[in-house]
Asks: 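I have a structure here, written as structure tokens, and I will follow up with some questions on it.
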2 protein chains.
Amino acid sequence: MDNFDRRPADPVGDPASIGRMPTVKRDTYTPDSLLSVAVRVFNERGYDGTSMEHLSQAAGISKSSIYHHVRGKEELLRRGISRALDGLFAVLEEPRAREGRAVERLEHVTRRTVEVLMSELPYVTLLLRVRGNTETEIWAMARRREFDQRVAELVKQAAADGDLRSDVDARLATRLLFGMINSIAEWYRPDRAPLNGASGGNSAASTGSATSAQVAEAVIRTAFAGLRTH
Amino acid sequence: MDNFDRRPADPVGDPASIGRMPTVKRDTYTPDSLLSVAVRVFNERGYDGTSMEHLSQAAGISKSSIYHHVRGKEELLRRGISRALDGLFAVLEEPRAREGRAVERLEHVTRRTVEVLMSELPYVTLLLRVRGNTETEIWAMARRREFDQRVAELVKQAAADGDLRSDVDARLATRLLFGMINSIAEWYRPDRAPLNGASGGNSAASTGSATSAQVAEAVIRTAFAGLRTH
DNA sequence: TTGCACCGACCGATCGTTCGGTAGCAGTAT
DNA sequence: ATACTGCTACCGAACGATCGGTCGGTGCAA
């Protein structure tokens, strides 16, 4: 028995492996499964506060072994952020985000953004905390601003349609909306029990998916009640 | 001419010095004036991403000179966070936060919290970004949770009074409220022109103070319209 | 026999911090 | 006036530790 099995808890990020077929991933790390470990540690300690030694301990392999899978620390950051951005931008391409009344497109984008944030929680969390120290981080901030502006256009259009209150500036409203949405990353933990008690009444949902939709619904209800015209 | 005057731009954080009286601060750093520089850099680069070399360059004094004023990097963090917490907790002690109907106490605390966040922006921003790596940061997170819980009690009481909508859990509502409030730290910059165009109609306010109150008002209006019963 | 996943040892650079020292100034005895 | 003293605010050099990353392997399965 050699130095295996001291790997802690998270050998493969998304273990879709069923049997022992050659096409499925083996019991070693892939760039993606290593990424899921790295992103978790990044979120716990902050990117700058995470050393390669921290990552190696969390992954259960040596520091130098990490470089067998990825080019370096910053590539892990870039991959993680990319995954978040891909999920978010995909929302804007959905049919219901492109057709119909602006306020309803906005509501759809809001709901789906919340859902993506929750399903890709670690990756979006990583994106939201970027500060802009490296080139990768500057790129991430630019892409995120781009996403925000796409949504801001929806808000502006909805306000022009008279569907959103006009006594709050569209840009400010967008920022407050995202403030509410993004704050989910600060407290939502998919393992814990659902936080809002009275949503539909019944629905003893303990699955992460159902809880996700419930929280999303509560967020939309609260945010849009504040933004919509009455 | 010796090695002075290459100090960049920010010799004293809050220059209340008027003449040349002996009691007012001199043209050298005090722990507080150095703190204002350090906190600014912390917020630009993140605490872990800021080296003492960065601080020394921003302050215009040598790295070793910093240790003449403070014990070290972590003391700067602690002082900055303390200032933010002092401002926030002081709000809870104000008369209007302690007397009257819960929903009105909540509204007062919300408005004053926004105002403190904006007037002490760099310090509160620093507090909001703490991750929990060091003992100081763990303490900061605990104190912040304490503040949140005090407000959460107000929300719960207001909901029990029937003044807040009951279809959203009190804890969730508190978190969404703070999500909106705290997001201000992400985009508000006191030097820039006000963001919300139509608040009172007139009031050509370019002073930071007036703008602050305006933004605070917009935030309260949006947040409470979403939370209040109709 | 080849190649993949991994390792320990080590690299120069940078980290937060410490140390001995110095220029300039106020106060004071000469 | 001058010289001495003590103090404040600062400095360059250097400390051990740790940083992200490189290198030459090694064991094992195919």
Side-chain angles (χ1 to χ4, degrees), chain A residues 1-8 11-12 17 20-35 37-38 41-42 45-79 133-137, chain B residues 1-8 11-12 20-35 37-38 41-42 45-78 133-137:
Chain A
M1 196 186 309
D2 64 341
N3 56 4
F4 250 76
D5 278 1
R6 53 183 166 81
R7 178 135 58 220
V12 175
S17 61
R20 194 53 68 171
M21 294 155 64
T23 52
V24 303
K25 60 185 65 155
R26 293 181 283 119
D27 196 16
T28 58
Y29 276 112
T30 65
D32 268 7
S33 66
L34 183 60
L35 177 64
V37 176
V41 182
F42 285 161
R45 315 185 63 94
Y47 176 72
D48 285 317
T50 302
S51 70
M52 295 305 279
E53 183 64 34
H54 289 138
L55 292 184
S56 84
Q57 282 171 14
I61 61 177
S62 76
K63 205 171 56 150
S64 53
S65 297
I66 295 175
Y67 292 87
H68 179 71
H69 302 286
V70 293
R71 298 182 95 87
K73 192 185 176 188
E74 196 164 351
E75 176 169 318
L76 286 167
L77 179 65
R78 188 176 50 72
R79 281 173 182 266
N133 291 339
T134 69
E135 236 178 82
T136 299
E137 301 186 45
Chain B
M1 197 186 311
D2 64 343
N3 56 3
F4 250 74
D5 278 1
R6 53 183 166 79
R7 179 134 60 220
V12 174
R20 193 51 68 170
M21 295 154 64
T23 53
V24 303
K25 62 183 64 157
R26 293 182 284 120
D27 195 16
T28 59
Y29 276 112
T30 66
D32 269 5
S33 65
L34 183 60
L35 177 65
V37 176
V41 182
F42 284 160
R45 314 185 64 96
Y47 176 72
D48 284 318
T50 302
S51 70
M52 295 305 277
E53 184 64 33
H54 289 137
L55 292 185
S56 84
Q57 283 171 14
I61 60 177
S62 78
K63 210 170 48 150
S64 54
S65 297
I66 296 175
Y67 291 85
H68 179 71
H69 301 286
V70 293
R71 297 181 96 90
K73 192 185 176 188
E74 197 165 350
E75 177 171 317
L76 286 167
L77 179 66
R78 188 175 50 72
N133 291 340
T134 68
E135 237 177 80
T136 299
E137 301 186 45

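For the numbers below, each heavy atom of this structure counts, side chains included, while hydrogens, waters and symmetry mates do not. Chain letters run A, B, ... following the sequence lines, proteins first, then strands; residues in each count from 1.
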Asks: Determine the minimum heavy-atom distance between S62(A) and S56(A), stating which atoms define it.
Replies: C-CB, 3.7 Å
Asks: Just checking S56(A): base, sugar-phosphate only, or nothing, at a heavy-atom cut-off of under 4.0 Å?
Replies: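 Touches nothing.
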Asks: I need the CD1-P distance between I66(B) and dC10(D), as an integer number of Å.
Replies: 11 Å
Asks: Restricting to non-hydrogen atoms, name the atom on L76(B) and the atom on L35(B) that form the minimum distance, rounded to 0.1 Å.
Replies: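 Minimum heavy-atom separation between L76(B) and L35(B): O-CD1, 3.2 Å.
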Asks: Write down the atom of Y47(A), the atom of E74(A), and the distance for their closest heavy-atom approach.
Replies: OH-CA, 3.3 Å
Asks: Without decimals, in angstroms, what is the distance between M52(A) CE and dG8(C) C1'?
Replies: 16 Å
Asks: What about K73(B), does its side chain sit under 3.5 Å from the base of dT17(C) through a donor-acceptor pair?
Replies: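 Donor-acceptor pair under 3.5 Å: no.
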Asks: Whole angstroms only, please: what is the CD-P distance between E53(B) and dC11(D)?
Replies: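 Spelled out: CD on E53(B) to P on dC11(D) is 11 Å.
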Asks: What I'd like to find out is whether the side chain of F42(A) reaches to under 4.5 Å of the side chain of K73(A), using heavy atoms alone.
Replies: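 Yes, side chains in contact.
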Asks: I'd like a table of atom pairs between the protein and nucleotides 23-25 of chain D - only N or O on both sides, under 3.5 Å - with the distance next to each one.
Replies:
none

Asks: What heavy-atom pair brings H54(A) and V41(A) nearest, and what distance separates the two atoms?
Replies: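 What the structure gives for the nearest pair is CB-CG1, 4.4 Å.
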Asks: Less than 4.0 angstrom between a side-chain N/O of H69(A) and OP1 or OP2 of dC6(C), yes or no?
Replies: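 Result: yes.
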Asks: Using whole Å, report how far OH of Y67(A) lies from P of dC19(D).
Replies: 11 Å
Asks: Any donor-acceptor pair under 3.5 Å joining the side chain of K63(B) to the base of dG12(D)?
Replies: no
Asks: Using a cut-off of less than 4.0 Å, is there contact between a side-chain N or O of H68(B) and OP1 or OP2 of dA9(D)?
Replies: yes
Asks: State the NE2-CD1 distance between H69(B) and I61(B), to the nearest 0.5 angstrom.
Replies: 4.5 Å
Asks: Is the phosphate of dC11(D), meaning OP1 or OP2, less than 4.0 Å from a side-chain N or O of S62(B)?
Replies: yes
Asks: Just how far, in rounded Å, is P of dC15(C) from NE2 of H54(B)?
Replies: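 Those two atoms, NE2 and P, are 6 Å apart.
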Asks: Between atom CD in E75(B) and atom C1' in dT17(C), what is the gap in whole Å?
Replies: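 Distance check: E75(B) CD to dT17(C) C1' gives 14 Å.
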Asks: Give a yes/no on whether any side-chain N or O of S65(A) is located under 4.0 angstrom from OP1 or OP2 of dC7(C).
Replies: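 Looking at the OP1 and OP2 atoms of dC7(C), one of them is under 4.0 Å from a side-chain N or O of S65(A).
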Asks: Should S51(B) be listed as having a side-chain N or O under 4.0 Å from OP1 or OP2 of dC15(C)?
Replies: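 Checking S51(B) against dC15(C): at least one side-chain N or O falls below 4.0 Å of OP1 or OP2.
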Asks: Rounded off to whole Å, could you give me the CD-to-P distance for the Q57(B) and dG16(C) pair?
Replies: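 After rounding, the gap between these two atoms is 12 Å.
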Asks: dT14(C) P sits how many Å from L55(B) CG, rounded?
Replies: 17 Å
Asks: Using every non-hydrogen atom in the two residues, find where A59(B) and L34(B) come nearest and quote the distance to one decimal.
Replies: CB-CD1, 3.9 Å
